[in-house]
Number of protein chains: 2
Amino acid sequence: MSTRTEYCGLVAENLMGQSVSLCGWVHRRRDHGGVIFIDLRDREGLVQVVCDPDRAEMFKTAEGVRNEFCLRVDGVVRARPAGTENSGLVSGKVEVLCHELTVLNASVTPPFQLDDDNLSETTRLTHRVLDLRRPQMQKNLRLRYRVAMAVRRYLDDQGFIDIETPMLTKSTPEGARDYLVPSRVNAGQFFALPQSPQLFKQMLMVSGFDRYYQITKCFRDEDLRADRQPEFTQIDCETSFLAEQEIRDLFEAMIRSVFTETIGVTLAATFPVMQYSEAMQRFGSDKPDLRVKLEFTELTDVMKDVDFKVFSNAANLADGRVAALRVPKGAELSRSEIDGYGEFVAIYGAKGLAWIKVNDKAAGRDGLQSPIVKNLHDAALAEIVARTGAENGDIIFFGADRRKVVNDALGALRLKIGHSEFAKNNGLFEAGWQPLWVVDFPMFEYDEDDARWVSTHHPFTSPKDEHLDYLETDPGRCLAKAYDMVLNGWEIGGGSVRIHREDVQSKVFRALKLDADEAREKFGFLLDALQYGAPPHGGIAFGLDRIVTMMAGADSIRDVIAFPKTQRAQDLLTQAPSPVDEKQLRELHIRLRN
Amino acid sequence: MSTRTEYCGLVAENLMGQSVSLCGWVHRRRDHGGVIFIDLRDREGLVQVVCDPDRAEMFKTAEGVRNEFCLRVDGVVRARPAGTENSGLVSGKVEVLCHELTVLNASVTPPFQLDDDNLSETTRLTHRVLDLRRPQMQKNLRLRYRVAMAVRRYLDDQGFIDIETPMLTKSTPEGARDYLVPSRVNAGQFFALPQSPQLFKQMLMVSGFDRYYQITKCFRDEDLRADRQPEFTQIDCETSFLAEQEIRDLFEAMIRSVFTETIGVTLAATFPVMQYSEAMQRFGSDKPDLRVKLEFTELTDVMKDVDFKVFSNAANLADGRVAALRVPKGAELSRSEIDGYGEFVAIYGAKGLAWIKVNDKAAGRDGLQSPIVKNLHDAALAEIVARTGAENGDIIFFGADRRKVVNDALGALRLKIGHSEFAKNNGLFEAGWQPLWVVDFPMFEYDEDDARWVSTHHPFTSPKDEHLDYLETDPGRCLAKAYDMVLNGWEIGGGSVRIHREDVQSKVFRALKLDADEAREKFGFLLDALQYGAPPHGGIAFGLDRIVTMMAGADSIRDVIAFPKTQRAQDLLTQAPSPVDEKQLRELHIRLRN
């Protein structure tokens with residue numbers, strides 16, 4: 001039997017009158033006026049196959065086929081009768097008159113219809129093989145492939161080399177929890193699956209490869225959220241001899257080129273660059289969604305002496321903050337909507353949600369409707385209106401607490417309102433793609449529980465040149481040459497210029513309270529490498545799963561991964577993980593705890 | 001500081017007179033006539049930098065630099081003085097007169113010279129970061145990258161889609177030993193790292209993706225040989241609706257295209273195809289090195305009644321074999337060389353190595369020199385000479401034992417002699433690239449220890465259509481639609497047409513003595529998938545490490561892997577595996593055995 005000649009979904013007018021051989025699946029079968037119509041499906045789409053009773057043997061076969069049978073069809077392309085064209089299909093103007101029909105494989109009745117859009121995730125993941133037949137899933141995974149190839153093409157053009165780094169690596173517990181792999185040959189010892197190829201790519205720079213990339217799996221054994229998987233895919237890049245701005249330009253151009261090439265979207269010619277401190281100040285977030293046209297107004301200085309204790313207490317805390325979020329036209333929000341927002345911010349630790357509706361600016365205090373107005377003096381009220389730029393018909397929400405709580409709660413509220421129908425109807429949400437860089441992250445965050453500084457990114461991030469001294473004198477003031485690429489409120493990539501000097505790296509380890517012995521045990525190979533003329537270098541890693549999810553407009557990264565895990569870290573299709581033989585455990589020198 | 005303008009190794013005459021900025025490492029520094037010459041190295045090669053004492057500050061810096069310092073050089077390209085050109089370098093006709101010299105990073109004295117070719121592997125792997133600076137290692141890893149990209153381009157052109165399959169999979173102990181990953185969330189359960197994405201790629205075919213590929217890491221926890229690593233990289237491919245021959249043609253063309261594109265080698269326009277049985281018969285190996293112009297001669301039938309018990313006993317065994325290996329002009333081999341070969345074949349289980357030197361064919365028995373001639377009757381001797389086609393001056397070696405021992409021992413001897421200087425000098429070895437397909441492997445091999453049939457490839461391989469009945473009646477006679485691609489005696493790829501019918505798959509499981517419950521527990525998801533109109537499909541997996549090793553002419557696959565493991569499965573650079581915290585083990589619900 002000769003090879004198929006065409007994909008079903010690509011049979012079109014240019015093949016009119018020609019013999020074709022197709023292979024595919026029965027998407028739908030219907031009998032109509034003594035003729036059997038089969039919509040035959042393959043990865044490229046559908047084509048209508050007509051089985052006429054005047055070829056008796058073939059027709060008999062056609063009578064036996066059911067949904068999801070795998071068929072081969074040999075026939076001739078002809079025009080569909082006038083009025084029966086389907087403009088939604090590439091093959092919509094033609095049909096294939098079947099001469100020969102071969103059942104390549106029968107199918108039992110599928111547990112669900114492929115076009116059923118209301119399946120539970122459990123059903124979809126258990127029957128993933130069928131779920132992946134759905135046109136949307138086929139599209140998502142092909143988009144994923146095109147994105148990866150566009151990335152490769154761009155990086156290849158720029159002189160980057162894909163170099164594979166190990167999957168069986170050393171466990172260096174810093175940051176997330178490692179997946180461990182017991183060693184059989186070296187009893188009592190373990191490999192770790194990489195959380196990222198960070199140190200290997202830095203060592204490749206020290207080795208002089210100059211420009212490295214890899215599209216590779218990384219692993220974190222953390223409790224899963226909607227956009228997390230135990231294994232995820234990183235576009236991991238590193239380059240030598242470039243300054244921070246040059247690195248950002250290079251990868252900004254990559255993302256622009258990938259979006260254009262794969263989904264025809266033109267992103268901003270220059271991405272805005274925003275300091276971390278400004279992002280937190282204006283949006284309470286280091287990954288602001290700039291589609292939302294709402295911003296914080298700083299009020300901490302204004303509220304130090306007001307009677308309303310919630311405000312004045314927060315304003316007088318060392319790490320307190322009082323901020324406002326003005327929502328234009330928000331006075332139309334109902335009391336129950338406002339109460340709903342109050343419950344929402346509680347999730348982020350806010351103890352309440354104060355608000356003021358601006359009914360009539362000109363009327364001063366009397367024009368402001370709010371339970372809290374009576375406890376705010378005139379100067380404060382005037383300043384609120386002036387600074388927020390509020391107009392009549394607006395509502396102003398307030399956050400007052402420790403800085404982190406205010407940023408989290410009011411930042412979440414900003415998104416909640418910004419993504420609502422209200423915002424879309426009132427010009428407060430601008431659809432489209434809003435990328436930006438967030439830069440100048442702090443080197444360290446203070447960990448109250450451990451009473452020590454921990455790295456905001458990772459301990460290999462370079463401090464800004466002018467902040468080197470702060471490593472020893474005031475770690476909290478030290479800013480890093482770190483940058484995140486943010487798109488519509490998602491962090492899609494993050495990177496930094498790395499430390500390339502051994503003395504600076506040692507200082508950072510000391511600031512992290514990693515003593516010299518421990519530093520050497522964990523990272524001796526890095527410290528050694530830095531001593532041999534390590535070049536200035538830096539890079540970035542993008543989350544492929546997230547980027548494709550956004551591009552596909554999918555609900556979850558699980559919709560752009562062929563065989564994802566559930567939130568319980570299980571593969572419902574193959575039933576992994578699973579118990580193993582005692583013999584296997586014995587060979588690995590481990591036993592189960594009871 | 002502006003970006004570098006050129007790679008060192010690419011500075012050539014076209015830049016004559018121009019200002020350049022370079023970044024790289026001090027490969028060599030020498031003082032000559034009051035001038036300092038620095039060979040500056042980057043990934044593209046070397047360029048000579050001239051530091052003249054008339055720029056005092058720069059010269060002072062130059063005096064301080066040592067090998068492997070990382071430098072930036074700003075200067076002007078000029079011609080080298082006549083007679084000092086170096087034709088071995090792209091930059092060999094020019095040099096860079098240094099105007100400004102910046103030490104980007106100093107280096108302590110390296111533990112070895114980069115051009116030292118006599119380093120132990122332990123030294124190289126411990127100091128891998130420096131080892132990777134060696135031009136040969138840079139070349140190897142870039143070749144590896146170019147091979148991978150050529151593969152991707154070819155497969156992309158052919159409509160293949162790269163789809164990522166999971167790294168955290170289900171343990172199904174069949175074949176090699178799994179690497180296990182304890183689950184934290186699901187106490188007492190384990191993931192396995194994939195030995196290959198075999199079942200996932202088959203399921204992708206069932207899902208209708210039609211053509212899949214992936215360049216991906218696979219894992220086998222086996223004791224390591226020279227060409228094995230715990231993690232290795234497979235070019236993994238699968239396609240639907242093609243027959244065996246079509247699949248082979250597709251991937252033969254891929255390998256041809258990759259060889260041409262990356263190393264400019266034109267492989268045979270059509271690879272020879274040889275049945276497994278013929279390969280074993282003629283070469284004692286399923287991966288014969290066809291560069292070696294030596295073949296076995298079958299003598300089992302001739303030796304059944306000779307006095308020489310070694311031969312007649314073997315010839316009368318059910319699984320015995322007597323075979324000859326004629327070595328043209330081999331009569332010149334010395335007694336000690338022959339004795340050496342005798343010791344060599346003992347490694348493969350041979351109990352001795354009989355031989356006959358053909359001094360004078362015309363003289364019959366008297367023209368044959370050998371300790372065994374007296375125990376062979378005239379008819380046997382005549383047949384030996386006739387069948388081997390021996391000429392005066394040849395030597396004939398013999399193997400007589402169980403078939404497996406003869407094939408292994410005489411097959412190894414064929415290679416040993418075939419790769420020797422003697423063979424090269426006597427036209428018995430033809431340098432170049434000799435690819436072939438070995439096909440029609442047996443479905444099963446009999447495992448004496450377990451007293452059952454086991455799969456030669458894997459249990460998902462399709463039997464030949466005409467051998468389906470043998471699955472139940474005579475598994476040993478059943479041949480598979482399996483094929484290996486062999487190049488110069490290395491298996492570089494292997495694949496098969498897969499079983500796409502659930503009933504056939506169940507029969508194979510039964511032939512393997514996997515009862516229905518066990519089959520369902522281990523492979524239920526596959527059996528289910530096959531029921532939903534699984535398409536005919538098949539594929540292949542190539543070993544990227546091996547292919548690149550051969551192309552690079554490297555001694556070991558460790559020379560084409562950036563960070564390989566030792567034979568003890570250790571990473572000497574990062575010291576993995578290593579002990580981990582008790583806390584980590586507790587979270588994973590395991591403890592160490594004492």
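Order of the sequence lines fixes the chain letters, A, B, ..., with proteins taken first and strands second; residue numbering starts at 1 for each chain. Heavy atoms only: backbone and side chains are in, while hydrogens, waters and symmetry mates are out. Not measured: the values here are computed from a predicted model.
Heavy-atom pairs under 4.5 Å with chain A peak, among Arg211(B), Met167(B), Met137(B), Met203(B), at Met167(B). Of the listed residues (Leu132(B), Leu592(B), Thr574(B), Val185(B)), the greatest number of heavy-atom pairs within a distance under 4.5 Å of chain A belongs to Thr574(B).
Using a 4.5 Å cut-off between heavy atoms, Pro182(B) contacts chain A through both its backbone and its side chain. Heavy-atom distances place no part of Arg66(A) under 4.5 Å from chain B, backbone and side chain included. Contacts between Ala534(A) and chain B at a heavy-atom distance below 4.5 Å involve backbone atoms as well as side-chain atoms. In this structure, chain B has a heavy atom under 4.5 Å from the side chain of Leu242(A), while its backbone stays farther away. With a 4.5 angstrom heavy-atom cutoff, Glu222(A) touches chain B only via backbone atoms. Only the backbone of Thr109(A) has a heavy atom closer than 4.5 Å to any heavy atom of chain B. Using a 4.5 Å cut-off between heavy atoms, Pro166(A) contacts chain B through both its backbone and its side chain. Neither the backbone nor the side chain of Arg41(A) comes within contact range of chain B; no heavy atom of the residue lies under 4.5 Å from a heavy atom of that chain. Contact of Ile163(A) with chain B is made through the side chain alone, with heavy-atom distances under 4.5 Å. With a threshold of 4.5 angstrom between heavy atoms, Leu544(A) approaches chain B through side-chain atoms but not through N, CA, C or O. Contacts of Ser578(A) with chain B are made by both backbone and side-chain atoms, with heavy-atom separations under 4.5 Å. Looking at Arg591(A), both its backbone and its side chain come within 4.5 Å of chain B, counting heavy atoms on both sides. Of the atoms belonging to Glu587(A), it is side-chain heavy atoms, and not backbone ones, that fall under 4.5 Å from chain B. Both the backbone and the side chain of Asp156(A) come within contact range of chain B, with heavy atoms under 4.5 Å apart. Residue Phe232(A) does not touch chain B at all, counting heavy-atom pairs closer than 4.5 Å.
Under the 3.5 Å distance criterion, with hydrogens and angles disregarded, a donor-acceptor pair is assigned to the side chains of Gln584(B) and Ser171(A). Side chains of Glu164(B) and Thr233(A): a donor-acceptor N/O pair is present below 3.5 angstrom, by distance only. Side chains of Tyr532(A) and Asn105(B): a donor-acceptor N/O pair is absent below 3.5 angstrom, by distance only.
Gln531(B) contributes no side-chain N or O that, together with a main-chain N or O of Val108(A), makes up a donor-acceptor pair within less than 3.5 Å. A donor-acceptor distance shorter than 3.5 angstrom exists from the side chain of Arg43(B) to the backbone of Phe209(A), with no hydrogens or angles considered. A donor-acceptor pair under 3.5 Å links the side-chain atoms of Lys217(A) to the main chain of Thr165(B), judged by distance alone. Using modelled atom types, no side-chain atom of Gln575(A) and backbone atom of Gly524(B) make a donor-acceptor pair closer than 3.5 Å.
Side-chain contact check for Phe190(B) versus Leu585(A): some heavy-atom pair is nearer than 4.5 Å. In this structure the side chain of Lys565(B) reaches within 4.5 angstrom of the side chain of Leu168(A), judged on heavy atoms.
Aromatic ring pairs are classed by plane angle as parallel below 30°, tilted from 30° to 60° and perpendicular above 60°; the pair Phe563(A) and Phe200(B) is tilted.
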Derivation and outcome, salt bridge (Lys or Arg N to Asp or Glu O under 4.0 Å), residues Arg146(A) and Asp162(B): CA-CA 9 Å; Arg146(A) 289 190 297 123; Asp162(B) 177 355; over 6 Å; no
